[in-house]
Amino acid sequence: MKSVNLYIPLLLLLFLAGACGTKKSDGASGALSDDALLDTVQRRTFNYFWDGAEPNSGLARERIHMDGVYPENDQNVVTSGGSGFGIMAVLAGIHRGYVTREEGLARMERIVSFLETADRFHGAYPHWWYGDTGRVKPFGQKDNGGDLVETAFIMQALLAVHQYYAGGNPQEKALAARIDKLWREVDWNFYRQGDQNVLYWHWSPEYGWEMDFPVHGYNECLIMYILAAASPTHGVPAAVYHEGWAQNGAIVSPHKVEGIELHLRYQGTEAGPLFWAQYSFLGLDPNGLKDEYCPDYFGEMRNLTLVNRAYCIRNPKHYKGFGPDCWGLTASYSTDGYAAHSPNERDDQGVIAPTAALSSIVYTPEYSLQVMRHLYDMGDKVFGPYGFYDAFSETDNWYPQRYLAIDQGPIAVMIENYRSGLLWKLFMSHPDVQQGLRKLGFQLSSDTPISAS
């Protein structure tokens with residue numbers, strides 16, 4: 001009888017251990033609170049930019065492939081825009097205690113040291129560098145010089161870092177001063193190509209303006225125009241924003257997609273990929289933000305997100321897996337290279353990119369968390385050492401274990417903005433940003449202009 005009494009508890013322990021082990025391996029999210037799930041995803045994604053960073057520069061590798069296959073031998077190529085997102089993710093990681101303040105400062109000093117000596121073109125950075133040398137790696141044959149949009153993404157991050165350290169100890173203040181110098185050296189006016197009232201995306205020392213890409217809205221480039229106006233040394237006139245970005249009001253185009261109202265004209269489509277709702281607003285706080293072209297930037301970006309979700313739920317091409325807990329079309333890896341997936345049948349290839357819904361958490365927290373839990377429950381098929389893999393297709397049974405910096409960064413940054421507003425608070429507190437927004441006529445509410453306080 002004694003042996004039976006001992007045997008029964010042993011069986012119960014083995015059963016519970018097995019059940020717990022199964023639950024863990026399945027990645028079941030039910031036992032996690034929302035905050036615990038958010039922290040798990042944020043911390044894992046932060047690792048892309050901390051453990052996975054290119055060692056010499058401290059910046060983000062353009063891509064990390066867990067299979068070790070790099071057809072273009074570009075494992076140590078670093079990206080300027082993706083690094084901007086990563087810098088903000090690291091800043092959030094310091095705030096969260098994932099690394100110490102001292103460790104974070106050392107990493108930021110390494111990054112700034114690289115940026116001070118790496119190739120620049122009239123103060124603007126290229127899309128890619130070789131991480132070990134700082135020399136430009138062409139993004140395309142003629143795209144071997146300055147990329148003003150990617151420069152804006154990295155400057156958005158550096159201004160947030162500046163604010164984080166500007167009131168700190170002497171070492172931190174010294175870093176903030178070095179960042180201020182980099183910021184002041186970007187010649188935004190040069191990229192008007194002869195004082196035109198529009199900004200051009202590219203310039204090459206070899207090919208000049210042959211890329212010929214004037215930037216008009218709406219797309220992901222709003223932050224470029226705001227920073228160009230905000231520069232204390234090379235600030236562009238407000239007319240560049242009004243005539244170039246807004247095209248004298250042509251950017252306004254009220255219409256409905258999936259029965260949801262949109263106010264702006266989206267270049268080349270009725271509703272753009274979701275990175276258009278994210279990249280400019282990693283630092284720029286959309287809450288209450290308006291100007292003469294958009295009465296509510298937060299509402300507009302929320303509606304763009306809801307259009308994307310509604311399209312995936314309607315799922316007109318009948319892809320496997322699409323639905324309320326699995327939606328999100330944006331630029332990502334695809335079953336055939338890299339593609340910008342949008343909520344229309346032409347640009348929908350049945351590929352879900354986790355960054356789309358997860359980086360929209362500030363706009364649609366309830367729906368984004370629903371997707372996050374579903375993806376987490378899919379386990380290691382989609383979740384790896386640096387967070388969720390870039391993209392997958394259930395229809396094609398395609399689950400590559402590969403990452404892209406420009407997709408990982410917004411996940412960590414927007415989760416932090418949802419949790420604390422940290423990156424928004426830092427970026428919006430910079431006096432030059434405040435000045436630029438005032439110059440362009442932005443307001444934070446119906447009757448309150450942007451304040452410098």
Apply side chain to side chain contact (heavy atoms under 4.5 Å, CB included) to the pair His162 and Leu426, showing each step before the final yes or no. CA-CA 8 Å; His162 176 278; Leu426 290 170; over 6 Å; no

Ser113 vs Arg178, side chain to side chain donor-acceptor pair (under 3.5 Å): CA-CA, chis, key distance, verdict: CA-CA 9 Å; Ser113 294; Arg178 292 166 65 191; 2.9 Å; yes

Does the pair Trp201 and Tyr191 meet the rule for a side chain to side chain contact (heavy atoms under 4.5 Å, CB included), with working shown? CA-CA 7 Å; Trp201 196 310; Tyr191 284 83; over 6 Å; no

Go through it in stages, so that I can follow the logic: the residues are Tyr279 and Ile223, the test is side chain to side chain contact (heavy atoms under 4.5 Å, CB included), and I'd like the CA-CA distance, side-chain angles, deciding distance and then a yes or no. CA-CA 8 Å; Tyr279 290 179; Ile223 192 67; over 6 Å; no

Could you walk me through whether Arg43 and Ile415 pass side chain to side chain contact (heavy atoms under 4.5 Å, CB included), step by step? CA-CA 10 Å; Arg43 184 186 290 262; Ile415 287 177; over 6 Å; no

Could you walk me through whether Ser83 and Thr79 satisfy the side chain to side chain donor-acceptor pair (under 3.5 Å) test, starting with their C-alpha distance in whole Å, then the side-chain angles of each, then the deciding distance to 0.1 Å, before giving a yes or no? CA-CA 6 Å; Ser83 288; Thr79 167; 5.6 Å; no

Test log, rule side chain to side chain donor-acceptor pair (under 3.5 Å), inputs Ser359 and Thr355: CA-CA 5 Å; Ser359 302; Thr355 187; 3.0 Å; yes

Apply side chain to side chain donor-acceptor pair (under 3.5 Å) to residues Asp291 and Tyr297 and explain how you reach the verdict. CA-CA 9 Å; Asp291 68 355; Tyr297 277 96; 3.0 Å; yes

Under the ring-ring contact (aromatic ring centres under 6.0 Å, His included) criterion, do Tyr125 and Trp183 qualify, and how do the steps go? CA-CA 11 Å; Tyr125 292 117; Trp183 157 238; over 10 Å; no

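Contact check on Glu416 versus Arg96 returns a salt bridge, with a Lys/Arg side-chain nitrogen under 4.0 Å from an Asp/Glu carboxylate oxygen. Under 4.0 Å is where a charged nitrogen must lie from a carboxylate oxygen, and between Arg419 and Asp35 at least one such pair does. Taking a cutoff of 4.0 Å between a charged side-chain nitrogen and a carboxylate oxygen, Asp377 and Arg373 do not qualify as a salt bridge. In this structure, Arg107 does not pair ionically with Glu103, as no charged nitrogen and carboxylate oxygen lie closer than 4.0 Å.
Looking at His263, its side chain does come within 3.5 Å of a backbone N or O of Tyr293 through a donor-acceptor pair. For Gln196 (side chain) and Gln193 (main-chain N/O), a donor-acceptor pair under 3.5 Å exists by modelled atom type. Of the possible donor and acceptor atoms, one in the side chain of Asn308 sits under 3.5 Å from a partner among the backbone N and O of Leu329. In this structure, Lys137 contributes its side chain and Asp74 its backbone to no donor-acceptor pair below 3.5 Å. Of the possible polar contacts, none joining the Tyr367 side chain to the Ala357 backbone as a donor-acceptor pair under 3.5 Å is found. Looking only at distances, a side-chain donor or acceptor of Tyr225 sits under 3.5 Å from a matching main-chain atom of Leu199. A donor-acceptor pair under 3.5 Å links the side-chain atoms of Lys317 to the main chain of Asp348, judged by distance alone. Judged purely by atom type and a 3.5 angstrom limit, Arg184 has no side-chain atom pairing as donor or acceptor with the backbone of Pro232. Arg192 contributes no side-chain N or O that, together with a main-chain N or O of Tyr200, makes up a donor-acceptor pair within less than 3.5 Å. In this structure, Asn315 contributes its side chain and Phe322 its backbone to no donor-acceptor pair below 3.5 Å.
For Tyr266 and Asn219, the side-chain atoms include no donor-acceptor pair closer than 3.5 Å. For the residue pair Trp424/Asn287, the side-chain donor-acceptor check at 3.5 Å is not satisfied. Between the side chains of Trp129 and Asp119, no donor-acceptor pair of N or O atoms lies under 3.5 Å. Between Tyr164 and Arg101, the side chains place a donor N or O and an acceptor N or O closer than 3.5 Å (distance only, hydrogens not considered). A donor-acceptor contact under 3.5 angstrom links the side chains of Gln171 and Glu109, judged on distance only. Checked by atom type, the side-chain pair Asp325/His374 shows a donor-acceptor distance below 3.5 Å. Between the side chains of Ser57 and Glu54, at least one donor-acceptor pair of N or O atoms lies under 3.5 Å. Looking only at atom types and distance, the side chain of Asp380 has no donor-acceptor partner in the side chain of Tyr399 under 3.5 Å away. Using a 3.5 Å distance cut-off with no hydrogens or angles, the side chains of Asn47 and Arg44 do not pair a donor with an acceptor. Under the 3.5 Å distance criterion, with hydrogens and angles disregarded, no donor-acceptor pair is assigned to the side chains of Ser360 and Thr364.
Within a 6.0 Å sphere centred on CD of Glu261, heavy atoms belonging to other residues, nucleotides or ligands number 12 at most. By the 6.0 Å contact criterion, NZ on Lys320 is open, its count of non-hydrogen atoms from other residues, nucleotides or ligands being 12 or less. Applying the 6.0 Å contact sphere to CG of Asn169 captures more than 12 heavy atoms from other residues, nucleotides or ligands.
Asp347 CG to Thr330 OG1: the interatomic distance, rounded to the nearest 0.5 Å, is 11.5 Å. Taking CZ of Phe85 as the start and OG of Ser80 as the end, the distance is 9.5 Å to the nearest 0.5 Å. Taking CG of Leu182 as the reference point, atom CG of Leu115 lies at 6.0 Å (rounded to 0.5 Å). Here the CD1 atom belonging to Ile154 is positioned 11.0 Å from the CG atom belonging to Leu159, to the nearest 0.5 angstrom. To the nearest 0.5 Å, atom CZ of residue Phe275 and atom CD of residue Glu220 are 4.5 Å apart. Between the CZ atom of Phe139 and the CD atom of Glu150 there is a distance of 7.0 Å, given to the nearest 0.5 Å.
Screening Phe49, Trp50, Tyr48 for a ring-ring contact (aromatic ring centres under 6.0 Å, His included) with Phe46, the sole residue that qualifies is Trp50.
Ring pair Trp209/Phe190: centre-to-centre distance below 6.0 Å. Ring pair His216/Trp245: centre-to-centre distance not below 6.0 Å.
Residues Val149 and Cys221 come closest through the heavy atom pair CG2-SG, 3.7 Å. The two atoms that bring Tyr386 and Gly52 nearest to each other are OH-CA, 3.9 Å, heavy atoms only. For the residue pair Cys326 and Gly321, the shortest heavy atom distance occurs at CB-O, 3.2 Å.
The shortest side-chain heavy-atom distance between Glu62 and Trp128 falls under the 4.5 Å cut-off. Looking at heavy atoms from C-beta onward, Leu369 lies in side-chain contact with Ile361 at the 4.5 angstrom threshold.
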